[in-house]
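Below: one structure, written as structure tokens.
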Protein chains: 2
Amino acid sequence: MDHVDHILKQWRQERPDLDVDPMGTIGRVKRLNHALMRAMEKTWAKYGLTDASFDVLATLRREGAPYALSPSDLMASTMVTSGTMTHRINLLEKAGLIERVKNPEDGRGFLISLSQRGFDLIDEAVAAHVETQAQLVSGLTDEQRQQLDALLRQFLAGVEQE
Amino acid sequence: MDHVDHILKQWRQERPDLDVDPMGTIGRVKRLNHALMRAMEKTWAKYGLTDASFDVLATLRREGAPYALSPSDLMASTMVTSGTMTHRINLLEKAGLIERVKNPEDGRGFLISLSQRGFDLIDEAVAAHVETQAQLVSGLTDEQRQQLDALLRQFLAGVEQE
DNA sequence: AGATTATATCTTGATATCAAGGTATGTGTG
DNA sequence: CACACATACCTTGATATCAAGATATAATCT
């Protein structure tokens, strides 16, 4: 009987006309995401990073050499709006972790490129991050985690297309 | 090969020293949560509500008569800080959907109570919300959803205690 | 080529959130 | 009973985000 069960029980009492089973699943996804984010933030903070800055640096790092993407590419990868991405880029540029380079192939745009310091930082931070994540999933067996992956993938496929 | 698979593939290429399987699971939870929230917001907006206001009203409604809780109780249920809850309560009070009543048993505190308009609104909105949620989980069979529930519950139990 | 439409990014303004600290009331201890 | 400590809520200040719109450049179409 966890927190979500309690909520469903209340609804079934108050609104027996409603089928709240899906609410339980979705509620657990929300709470899980919240708890995971809170836990991961602690690791990011050790490197002076936030969700936002880690996200951008990691996206550039995993892209491989030359570690550069346009703001539009970054927006698509990170699911934020253009205003948010501009803001993130400004902060990271001020911190010296990325550089804005004129895009030689498109006069409207820029390329956002990891600086050496940005590269070194994210390379170290991502190792700690992966360790934190391993800790966070340690309540599941490998097999359970893989089952979960498969179900999440299917769920996501049904929801994300539009 | 969804978006998350692509990310993992990039990391395995760039950082073969890291085990990024947990990142896949956690990444799917994050993306799923994001997509679900975006979809549910549309329903809330039809009733002039947001994530935040729906959350508070629903918490009061499902509590049952007399539909009143302290701000502290609401904070605990909704996982936000006290400043955020004060702000939410102010907005809902201004909108005439809740009322602040002096707590007769504790001079320091208030009870937040659903107004009649608040009750009527949330009772209608939650029915639409449940329908939206049913639509969102329709990519899974009932059995798959129950499997997912069980795995999420276990995952959450391991992460949420602290 | 000129006009139109599309794209890439930034700017602006509004809002929700959090962390930290303040004030008032309650609780417990010697 | 006086004093310390805890609790409940609010205030303040900083920040991240989004939606909508502005600007510059590119692509397309006649």
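The basis for the numbers below is simple: all heavy atoms, side chains too, and nothing from hydrogens, waters or symmetry mates. Chain identifiers are assigned alphabetically (A, B, ...) following the order of the sequence lines, protein sequences preceding nucleic acid strands; residue numbering begins at 1 within each chain.
Judged purely by distance below 3.5 Å, without hydrogens or angles, the side chains of Q154(B) and Q144(A) pair a donor atom with an acceptor atom. There is a side-chain donor-acceptor pair under 3.5 Å between Q116(A) and D120(A).
Atom CE of M75(B) and atom C1' of dT7(D) are 11 Å apart (whole Å). Rounded to whole angstrom, the span from the CH2 atom of W44(A) across to the C1' atom of dA16(D) amounts to 14 Å. Distance M85(A) CE to dT11(C) P: 15 Å, rounded to the nearest Å. Counting to the nearest Å, the P atom of dA19(C) and the CE atom of M79(B) are 14 Å from each other. A straight line from CD1 of I112(B) to P of dA8(D) spans 14 Å, rounded to a whole angstrom. For the pair L91(A) CG and dC10(C) C1', the interatomic distance rounds to 14 Å; values are reported in whole Å. A straight line from CD of E41(A) to P of dT15(D) spans 16 Å, rounded to a whole angstrom. Atom CZ in F54(B) sits about 17 Å away from atom P in dA16(C), given to the nearest Å.
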Donor-acceptor contacts under 3.5 Å from residues 75-83 of chain A side chains, at least two apart:
unit_1 : atom_1 : unit_2 : atom_2 : d
S77(A) : OG     : D73(A) : O      : 3.4
T78(A) : OG1    : L74(A) : O      : 2.6
T81(A) : OG1    : T84(A) : OG1    : 3.2

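Contact between the side-chain N/O atoms of T84(A) and the OP1/OP2 oxygens of dC18(D) is found at a separation under 4.0 Å. In this model, the phosphate group of dC10(C) is not approached by any side-chain N or O of R88(A) to a distance below 4.0 Å at OP1 or OP2.
DNA chain C is contacted by both D73(A) and H87(B); D73(A) maps to the nucleotide lying nearer its 5′ end (nearest heavy atom per residue). In this structure, D51(A) and G83(B) both approach DNA chain D, and ranking their closest nucleotides by distance from the 5' end singles out G83(B).
Listed by first and then second residue, the salt bridge (charged side-chain N to carboxylate O under 4.0 Å, His left out) pairs that reach into residues 49-58 of chain B are K30(A)-D51(B), D55(B)-R88(B), sequence neighbours excluded.
T50(B) comes within contact range of no nucleotide atom at all, as no heavy-atom separation falls under 4.0 Å. In this structure, I89(A) reaches neither bases nor backbone, as no heavy-atom distance under 4.0 Å exists between it and the strands shown.
Salt bridge absent: R31(A) and D2(A) never bring a charged side-chain N and a carboxylate O closer than 4.0 Å.
Within residues 92-110 of chain B, the residues that place at least one heavy atom under 4.0 Å from DNA chain C are, in residue-number order, D106(B), G107(B), R108(B).
For R38(B), whose side chain is taken as the heavy atoms from C-beta onward, the closest listed nucleotide among dC18(D), dT11(D), dC18(C) is dC18(D). Nearest nucleotide to the A52(B) side chain, out of dT11(C), dC18(C), dT17(C): dT17(C).
In the hydrophobic clustering of ILVMFWY residues, with side-chain heavy atoms under 4.5 Å counting as a link, L111(B) and I122(B) come out apart.
The neighbour count for K94(A) NZ, taken as heavy atoms of other residues, nucleotides or ligands under 6.0 Å away, does not exceed 12.
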